[in-house]
Enquirer: 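Sharing a structure, written as structure tokens. Questions coming.
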Amino acid sequence: MQKWIAIWCCLVAMSVVTACGHKSMVVLVPDADGSVGQITVSNDAGSVDISQPNQSTVVRSRKTPPDAPVSLDAAHVQDLFGQVVSNQPPPPVHFVLHFLSDSVQLLPASGRQLPGIVAAIHQRAPTRISVVGHTDTMGDKAYNLDLSMRRAKAVKRLLVANGVDDTLIDVSSHGEENPLVKTADNVANAKNRRVEVIVR
């Protein structure tokens with residue numbers, strides 16, 4: 001998510017900077033941890049792929065393909081777009097809470113994470129919180145979908161009881177479909193019995 005925010009911010013900045021010249025520059029900026037994704041820049045005349053940090057292309061018009069990618073010096077990118085990049089929102093914070101088998105009861109260690117989650121939410125206010133329920137593959141899929149929703153709603157209730165605005169919380173349920181640890185069907189796995197809380 002963060003790298004796409006970085007790209008989007010830079011695209012906006014570059015369009016503004018180069019609008020008077022009727023051309024646009026696109027630069028792929030690394031994430032804070034140095035990782036880099038890949039983007040394709042295209043128009044009616046062609047396309048180029050950019051996959052290296054600070055690699056750029058210029059789109060001069062709809063009738064000419066984007067220029068071949070060129071690597072820019074990091075200092076030059078900072079001069080051009082440093083303010084936009086530094087104004088990005090912080091990356092999402094991710095928490096994983098685990099549950100007893102076939103239960104909406106948090107394990108004690110997970111319960112102790114709640115103050116940290118609430119603190120992260122209040123530090124970022126206003127914010128959005130995703131609460132996503134999961135199960136292992138034991139039992140019926142429909143039952144697991146319901147159980148994972150009940151787990152997510154239980155976590156939402158705990159957050160609200162600790163002062164989090166319930167209108168900021170989005171609740172969803174994946175059942176057994178997105179396990180943290182891949183297993184065969186009807187396999188108990190403590191790591192898959194979880195709720196993920198993402199604070200943006």
Side-chain angles (χ1 to χ4, degrees), residues 1-97 116-117 120-121 123-134 137 148 152 168 170 172-183 189 191-192 194-200:
M1 182 69 176
Q2 184 188 356
K3 67 183 63 173
W4 289 109
I5 293 172
I7 293 165
W8 181 82
C9 288
C10 286
L11 284 171
V12 171
M14 293 168 200
S15 296
V16 171
V17 169
T18 60
C20 294
H22 303 289
K23 60 183 180 180
S24 296
M25 175 185 282
V26 180
V27 178
L28 182 59
V29 179
D31 284 341
D33 65 2
S35 62
V36 179
Q38 178 176 331
I39 58 172
T40 299
V41 180
S42 62
N43 63 8
D44 295 340
S47 65
V48 297
D49 293 328
I50 300 177
S51 59
Q52 300 300 314
N54 298 323
Q55 201 170 42
S56 70
T57 184
V58 174
V59 181
R60 301 179 187 281
S61 75
R62 290 184 178 181
K63 297 181 179 181
T64 59
D67 290 358
V70 174
S71 292
L72 300 179
D73 179 83
H76 184 54
V77 174
Q78 179 65 28
D79 287 342
L80 289 174
F81 310 113
Q83 185 173 358
V84 172
V85 174
S86 66
N87 286 336
Q88 293 181 69
V93 181
H94 187 256
F95 301 89
V96 180
L97 305 173
I117 297 172
I121 291 167
Q123 286 169 2
R124 289 169 175 251
T127 189
R128 293 302 304 174
I129 305 111
S130 296
V131 178
V132 185
H134 300 268
T137 61
S148 66
L168 301 177
D170 301 312
S172 62
S173 154
H174 289 193
E176 62 183 66
E177 294 304 317
N178 292 301
L180 196 62
V181 178
K182 299 286 187 186
T183 70
N189 186 288
K191 290 185 177 180
N192 289 334
R194 72 199 192 279
V195 163
E196 299 185 18
V197 180
I198 302 100
V199 183
R200 295 182 175 85

Enquirer: To the nearest 0.5 Å, how far apart are CE in M25 and CG in L80?
Expert: 6.5 Å

Enquirer: Using residues 64-71 as the side-chain source, report each donor-acceptor pair under 3.5 Å to any protein atom, sequence neighbours left out, with the distance given to one decimal.
Expert:
residue: T64; atom: OG1; partner: S61; partner atom: OG; Å: 3.3
residue: D67; atom: OD1; partner: R60; partner atom: NE; Å: 3.3
residue: D67; atom: OD2; partner: R60; partner atom: NE; Å: 3.1
residue: D67; atom: OD2; partner: R60; partner atom: NH2; Å: 2.7

Enquirer: Could you give the distance from NE2 (H174) to CG (N192), rounded to the nearest 0.5 Å?
Expert: 13.5 Å

Enquirer: Do I129 and V197 have side chains that get closer than 4.5 Å, going by heavy atoms?
Expert: yes

Enquirer: Do F81 and V29 come within less than 4.5 Å of each other through their side chains, counting heavy atoms only?
Expert: no

Enquirer: Considering non-hydrogen atoms only, spot the tightest contact between G37 and L28 and give its length.
Expert: O-CD2, 3.5 Å

Enquirer: T57: which residues meet the side chain to side chain donor-acceptor pair (under 3.5 Å) condition with it, sequence neighbours left out?
Expert: none

Enquirer: When V48 is tested against each of V26, V41, V59 for side-chain contact (heavy atoms from CB on, under 4.5 Å), which residue passes?
Expert: V41

Enquirer: Mind checking whether T137 and N189 have side chains closer than 4.5 Å, heavy atoms only?
Expert: no

Enquirer: Is there a donor-acceptor contact under 3.5 Å from the side chain of Q55 to the main chain of Q52?
Expert: yes

Enquirer: With the side chain counted from C-beta on, respond yes when F95 and V195 share a heavy-atom pair under 4.5 Å apart, and no when they do not.
Expert: no

Enquirer: Under the rule for side chain to side chain donor-acceptor pair (under 3.5 Å), what residues qualify as partners of S56, not counting sequence neighbours?
Expert: none

Enquirer: Between V93 and R124, is there a side-chain heavy-atom distance shorter than 4.5 Å?
Expert: yes

Enquirer: I want to check something: taking the side chain as every heavy atom from C-beta on, are R194 and L180 in contact at a cut-off of under 4.5 Å?
Expert: yes

Enquirer: Who are the salt bridge (Lys or Arg N to Asp or Glu O under 4.0 Å) partners of D79, not counting sequence neighbours?
Expert: none

Enquirer: According to the side chain to side chain donor-acceptor pair (under 3.5 Å) rule, which pairs have a member within residues 41-51, sequence neighbours left out?
Expert: T40-D49

Enquirer: Kindly write out the residues that satisfy side chain to side chain donor-acceptor pair (under 3.5 Å) with H94, not counting sequence neighbours, or none if the list is empty.
Expert: E196

